[in-house]
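Below, all heavy atoms of this structure are taken into account, side chains as well, without hydrogens, waters or symmetry copies. Both ligands and their constituent atoms are indexed starting at 1 by order of listing.
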Amino acid sequence: MSSVFGKPRAGSGPQSTPLEVNLAILGRRGAGKSALTVKFLTKRFISEYDPNLEDTYSSEETVDHQPVHLRVMDTADLDTPRNCERYLNWAHAFLVVYSVDSRQSFDSSSSYLELLALHAKETQRSVPALLLGNKLDMAQYRQVTKAEGVALAGRFGCLFFEVSACLDFEHVQHVFHEAVREARRELEKSPLTRPLFISEERALPHQAPLTARHGLASCTFNTLSTVSLKEMPTVAQAKLVTVKSSLAQSKRKAPTLTLLKGFKIF
Ligand SMILES: Nc1nc2c(ncn2[C@@H]2O[C@H](COP(=O)(O)OP(=O)(O)OP(=O)(O)O)[C@@H](O)[C@H]2O)c(=O)[nH]1
């Protein structure tokens, strides 16, 4: 039996079932969520995309010598969080993305972090979030300083990174793997935490003022006190695509590319 983070882990040997981690990528339209997701999955940068596609990808990863079955939901909210339940109750970790050359996207990322903090409070379920400033290659057009990113992340107690989807794959991979580590820590603290889909829609009493304040229109939260719990169903309007691990992809690029419909990959 191997030891991760000082705790013996049942089932972490070679025969073990991979740890399942659901990761949702949040952020304003154009921040680079899809580009980062595809970069992580294929090591490639995309320049054309369908902004209305919301895809959930599945990738077999190895993080700290442990197999991980990682599902990545590349969300497609418009300018503000909408119908958030689909990811709030599904994800074990969130990547909140803004673009360093867009003040608007930074403001949106703040709204997303507020939303996550509120949801954590209401459900008493802490889900780690990482704040990510993307498009570092556009640093000459910066509208958001690194210090502002650090400060926002500090306010919400999350890790912070600046990356570029069109530069090094390793930096992007590092961020995704950090998200897995954060999720794993949380899962080890409370192993009963697992993705749930809660079917009953019920707005919280104080939801309206907060959503109004932060522009979180049409987000509904459901707490564990609501009665009807179900397994997470297929994500609405999402394709689930299995992608080979990064290592396998580099050897077998063609099959991977045919799976990632909706993107033009270079
Ligand atoms: N220069 C640069 N451009 C990027 C980077 N990441 C994404 N882009 C470009 O920014 C635009 C938006 O990227 P997407 O990945 O589609 O952004 P998104 O957040 O998924 O946006 P939606 O799909 O509309 O939700 C595209 O033209 C990308 O090619 C980056 O790191 N650097």
Side-chain angles (χ1 to χ4, degrees), residues 23-57 59 71-84 86-88 90-91 93-113 115-116 129-146 149 152 160-176 178-179 215-219 235-241 243 256-257 259-266:
L23 175 63
I25 318 291
L26 310 178
R28 193 185 176 85
R29 204 166 183 164
K33 301 178 296 293
S34 305
L36 286 165
T37 302
V38 175
K39 179 75 168 198
F40 169 66
L41 295 170
T42 70
K43 298 188 177 175
R44 290 171 180 226
F45 174 65
I46 55 159
S47 71
E48 284 180 25
Y49 66 102
D50 178 345
N52 299 313
L53 274 182
E54 177 162 292
D55 292 318
T56 300
Y57 301 102
S59 174
R71 293 188 201 89
V72 181
M73 186 191 291
D74 173 18
T75 64
D77 283 338
L78 294 175
D79 291 334
T80 52
R82 283 189 179 270
N83 303 319
C84 319
R86 70 191 190 283
Y87 49 75
L88 285 178
W90 175 84
F94 297 96
L95 273 187
V96 178
V97 180
Y98 68 90
S99 170
V100 298
D101 66 350
S102 163
R103 170 64 50 182
Q104 270 191 329
S105 73
F106 184 65
D107 293 343
S108 287
S109 70
S110 178
S111 296
Y112 275 104
L113 290 172
L115 167 72
L116 298 180
L130 292 79
L131 180 64
L132 197 54
N134 186 37
K135 306 196 189 178
L136 191 54
D137 58 292
M138 304 288 277
Q140 69 269 37
Y141 304 110
R142 253 188 203 281
Q143 292 184 4
V144 183
T145 65
K146 188 171 181 178
L152 182 60
F160 172 69
F161 302 90
E162 284 190 337
V163 292
S164 165
C166 60
L167 298 178
D168 286 349
F169 162 74
E170 283 72 20
H171 288 155
V172 174
Q173 185 191 43
H174 175 72
V175 171
F176 278 76
E178 280 294 289
L216 307 181
S218 83
C219 274
V235 178
Q237 301 172 328
K239 291 180 304 195
L240 184 64
V241 184
V243 180
T256 303
L257 297 188
L259 290 172
L260 292 165
K261 292 197 179 114
F263 298 108
K264 187 166 179 182
I265 301 174
F266 296 96

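In this structure, CZ on R103 lies 11.0 Å from CZ on R142, to the nearest 0.5 angstrom. Separation of atoms CG (N134) and OG (S102) is listed at 11.0 Å; rounding is to 0.5 Å.
Atoms of ligand 1 lying under 4.0 Å from any heavy atom of A165, numbered from 1 in the order shown and given with element: 6 (N), 30 (C), 31 (O). Atom numbering of ligand 1 starts at 1 in the shown order; those under 4.0 Å from a heavy atom of R28 are 19 (O). Within the listing of ligand 1, atoms 1 (N) sit less than 4.0 angstrom from a heavy atom of M138.
Of the possible donor and acceptor atoms, one in the side chain of K39 sits under 3.5 Å from a partner among the backbone N and O of L167. Within the 3.5 Å criterion, the main-chain N or O of V97 finds no donor-acceptor partner in the side chain of S109.
Between I25 and L36, the closest side-chain pair of non-hydrogen atoms is not below 4.5 Å.
Between S34 and ligand 1, a contact under 3.5 Å exists for at least one N or O pair. At least one N or O atom of D137 sits closer than 3.5 Å to an N or O atom of ligand 1.
For G30, the closest heavy-atom approach to ligand 1 falls below 4.0 Å.
Relative orientation of the F160 and Y98 rings is parallel, given thresholds of 30° and 60° on the angle between their planes. Ring geometry for F40 against F169 counts as parallel: the plane angle stays under 30°, on a 0 to 90° scale with 60° as the upper cut.
Proximity annotation for atom 6 (N) of ligand 1: of V172, N134, L167, N134 comes nearest, heavy atoms only. Across G27, G133, A35, S99, heavy-atom proximity to atom 15 (O) of ligand 1 is greatest for A35. Looking at A76, S102, A31, G32, it is G32 that brings a heavy atom closest to atom 13 (O) of ligand 1.
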